[in-house]
Amino acid sequence: MKKVELSVKSVKGFCSAGYKTGDKLTYTEPSVITADGVPVCIYAFNALAPYLSAYGKQTDPSDWINEINELQCPDPINTVVFGLKCIE
């Protein structure tokens, strides 16, 4: 299992969880690790979790999950876009 770093790339509108561009979270199944008091938005996490679980696994290089480099929260008006990067 690889660690996945999520970094907030953009916030459109107002994020009620308080995310700001540059905030970082680390996903290591089954946990999310935050630094400096960055919150974990339960709505965003529930939407992203299936993708993060697949993204963090060793897969064939041609697997579709390896093409993903960002995900977004499910709020269509106040959207937060997260960049993804494997760090381990």
Does [X] belong to the same Ile/Leu/Val/Met/Phe/Trp/Tyr cluster as [Y], with side-chain heavy atoms less than 4.5 Å apart forming each link?
X: V40; Y: L84; answer: yes
X: V80; Y: V32; answer: yes
X: F14; Y: V8; answer: no
X: F45; Y: V11; answer: yes

Any V4 side-chain heavy atom under 4.5 Å of I87 side chain:
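A side-chain contact under 4.5 Å is absent here.
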Between atom [atom1] of [X] and atom [atom2] of [Y], what is the distance when rounded to the nearest 0.5 Å?
X: S7; Y: L25; atom1: OG; atom2: CG; value: 9.0 Å
X: N78; Y: C73; atom1: CG; atom2: SG; value: 8.0 Å
X: L6; Y: D23; atom1: CG; atom2: CG; value: 11.5 Å
X: T28; Y: E5; atom1: OG1; atom2: CD; value: 11.0 Å
X: E70; Y: S10; atom1: CD; atom2: OG; value: 7.5 Å

List the atom of [X], the atom of [Y], and the distance in Å for their closest heavy-atom pair.
X: A17; Y: C41; result: CB-CB, 3.7 Å
X: P74; Y: A44; result: CD-CA, 4.0 Å
X: I68; Y: Y55; result: O-CE1, 3.3 Å
X: K9; Y: T21; result: O-CG2, 3.6 Å
X: P76; Y: K12; result: O-NZ, 3.7 Å

Can you tell me if NZ on K85 sees more than 12 non-hydrogen neighbours from other groups inside 6.0 Å?
no
Around atom OH of Y51, are there more than 12 heavy atoms of other residues, nucleotides or ligands at under 6.0 Å?
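Not more than 12 within 6.0 Å, no.
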Has D63 got a side-chain atom pairing as donor or acceptor with I65's backbone, closer than 3.5 angstrom?
yes
Check the orientation of Y19 and F82. Use parallel for under 30°, tilted for 30 to 60°, and perpendicular for over 60°.
perpendicular
Would you sort out whether K2 and K57 count as a side chain to side chain contact (heavy atoms under 4.5 Å, CB included), showing the intermediate values?
CA-CA 6 Å; K2 301 178 273 187; K57 288 185 171 45; over 6 Å; no
Could you walk me through whether T59 and N66 pass side chain to side chain contact (heavy atoms under 4.5 Å, CB included), step by step?
CA-CA 8 Å; T59 58; N66 297 314; 3.0 Å; yes
Just checking, is any N or O donor in the side chain of S53 or E29 under 3.5 Å from an acceptor N or O on the other one?
yes
